[in-house]
K.L.:
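What follows is a single structure, and I will ask about it in a moment.
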Amino acid sequence: MNLDAQHPLATGLTADSRLIRAYQGTRPDATPVWFMRQAGRSLPEYRSLRVGTRMLDACLDPEMASEITLQPVRRHNVDAGILFSDIVIPLKLVGVDVEIVAGTGPVLGTAVRTAKDVAQLIELDPAVLDETLAPITAAVARTVAELGSTPLIGFAGAPFTLAAYLVEGGPSKDHIHARTLMHADPDAWAALMDWTAEVTGRFLRAQVLAGASAAQLFDSWAGALSLADYTRFVAPASTAAIAHVRDLTYDEGAAGTDVAHTDADDADAASVRRNVPVVHFGVGTGELLKEMHAVGADVVGVDYRVPLDEANRRLGGLVPVQGNVDPALLAAPWPVLEAHVLDVLERGRTAPSHVLNLGHGVPPMTDPNVLTRLVAFVHEVTAVFADATGSVPEAPVSAPSAS
Ligand code: CP3
């Protein structure tokens, strides 16, 4: 389905941004940068705005969610905003009893452990999201109106990561109950994953339709899985979740063609149909990179454990990558961080394109000035990667053969 003509990708406002170009596999004039959890506790302006408002209530207040989304963009000059929300928001909106406990994470009223629990859960109709998602789409619309040519990234949790919270009842180290359920009762597991894919897929699609220019699926806890379990019990649901945005397209070069061309064939020739870029990220998922790409992603997010040249090799040399500065080094002396970032950038050059990010979220105690300095540094040092005319190099510096 083609996006609305007013969507920032369709109007061309964000279509030529560094982020979207890099997600499409070309190298813009400088490497784009944004940070997972850039909105949040590392910013004093976030902490003061949040006083007296619960996390999920803040997400459901369009004015507050929009303001929190914009705070890091104003401060750091990052190349994208990411909507201030949470992966459990669509669960809450369909009626699941879930709260976010500060310092802990999502906690469920009751865990979903048995086939009976799953049957009860999936009676909650995902179609209610058509109405209950209104605060989220309102937040997106407000935010993109302010962001202008800076793209907004919409996001959602992948079915496994959400199911891990549902089955465990809260955060867990090894997700043992979820991993047991998939083997002990594959039918109940499949029903749970189908339902979760529908709920989270609708959440993601609504953000893109409302104005987000890219979509990121977070499978934060998929690193707990073996490759065999991922492929059999998880990948089909991740494919289904991504399918909710996979069909969304826009015509580039179409805007203004009515004015520039009188000949209809000319106008057609000038425009290229593109899909909304989809990013897929996991933590500890070095063994799953290829499969995480295969579920329908354009870009793969890499945590800090696998160097980007190795990640690129595992991905066959053909996939744009995002990552993977170790968040722990944000608190190290600047020369140590600088050397690490240069190494990440150098390894990232082996891939078709690279969006610099952290290997996981910004730690709450991070000095925000370090993030601002890092953005300026990455833009400055990578400007020389592009040639003197600023045009995009033809091919990756080296494209190792597929593994
Ligand atoms: O990146 C951004 O700036 C956008 C905002 C964002 C939040 N959560 C806000 C948030 C995003 C993209 C998420 C996604 C999310 N939520 C994930 C996937 C990404 C990842 O980190 O792996 C996961 C696993 C969750 C679940 C969740 N929500 C956790 C683990 C926590 C942290 C608990 C804690 O307090 O340490 C939350 C709460 C949360 N989500 C906060 C923020 C800013 C902290 C809330 C607060 O300020 O108290």
Side-chain angles (χ1 to χ4, degrees), residues 33-61 64-76 78 80-92 96 98-108 136 139-140 143 152-166 168-173 175 178 200 203-204 207 212 214-224 241 279-285 301-304 322-324 327 355 357-366 368 371:
V33 193
W34 68 275
F35 302 111
M36 264 179 269
R37 294 278 170 88
Q38 62 188 21
R41 283 173 296 181
S42 65
L43 298 186
E45 58 269 37
Y46 166 82
R47 293 195 296 265
S48 58
L49 196 62
R50 270 285 316 283
V51 171
T53 309
R54 286 184 303 176
M55 171 64 194
L56 295 183
D57 292 339
C59 297
L60 295 172
D61 175 339
M64 196 180 279
S66 176
E67 172 57 23
I68 294 173
T69 303
L70 293 165
Q71 285 174 345
V73 182
R74 291 192 200 109
R75 198 189 244 269
H76 301 313
V78 279
I82 178 160
L83 183 68
F84 178 77
S85 194
D86 198 82
I87 59 170
V88 298
I89 281 285
L91 299 178
K92 174 121 184 141
V96 174
V98 57
E99 270 308 327
I100 287 184
V101 177
T104 301
V107 175
L108 279 286
I136 304 300
V140 171
T143 307
L152 178 70
I153 300 168
F155 75 90
F160 174 73
T161 289
L162 286 175
Y165 283 115
L166 288 166
E168 302 298 333
S172 154
K173 261 207 170 97
H175 312 285
T200 205
F203 174 58
L204 192 57
Q207 293 169 62
Q216 176 155 333
L217 196 72
F218 285 95
D219 210 350
S220 300
W221 311 139
V279 187
H280 198 187
F281 167 78
V283 180
T285 45
V302 184
D303 83 347
Y304 53 87
Q322 179 170 277
N324 69 349
V355 172
N357 204 311
L358 304 178
H360 204 175
V362 175
M365 65 293 246
T366 302
L371 297 177

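Residue indices begin at 1 and follow the sequence shown. Order of listing sets the numbers, starting from 1, for every ligand and every atom in it. Computed over heavy atoms, backbone and side chain alike; hydrogens, waters and symmetry mates excluded.
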K.L.:
Could you list the residues that satisfy side chain to side chain donor-acceptor pair (under 3.5 Å) with Gln322, not counting sequence neighbours?
P.N.:
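Result, side chain to side chain donor-acceptor pair (under 3.5 Å) vs Gln322: Tyr23, Trp34, Gln216.
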
K.L.:
Not counting sequence neighbours, which residues clear ring-ring contact (aromatic ring centres under 6.0 Å, His included) with Phe84? List them please.
P.N.:
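Testing Phe84 for ring-ring contact (aromatic ring centres under 6.0 Å, His included), a comparison that skips the adjacent residues, returns Tyr46.
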
K.L.:
Find the distance between CE (Met55) and CD (Glu99) and round it off to the nearest 0.5 Å.
P.N.:
10.5 Å

K.L.:
Should the pair His360 and Phe281 be assigned to parallel (<30°), tilted (30 to 60°) or perpendicular (>60°) ring geometry?
P.N.:
tilted

K.L.:
For Tyr304, which residues count as a ring-ring contact (aromatic ring centres under 6.0 Å, His included) partner, sequence neighbours excluded?
P.N.:
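Tyr304 satisfies ring-ring contact (aromatic ring centres under 6.0 Å, His included) with no other residue.
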
K.L.:
Write out the protein residues near ligand 1, meaning a non-hydrogen atom under 4.0 Å from one of its atoms, in order of chain and number.
P.N.:
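Residues Met36, Arg37, Gln38, Ala39, Arg41, Tyr46, Arg50, Met55, Ile82, Leu83, Phe84, Ser85, Asp86, Ile87, Ile100, Ala102, Gly103, Thr104, Gly105, Pro106, Phe155, Tyr165, Phe218, Ser220, Trp221, His360 each place a heavy atom under 4.0 Å from ligand 1, listed by chain and number.
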
K.L.:
May I ask you to decide if Trp221's main-chain N or O and Thr161's side chain share a donor-acceptor pair within less than 3.5 Å?
P.N.:
yes

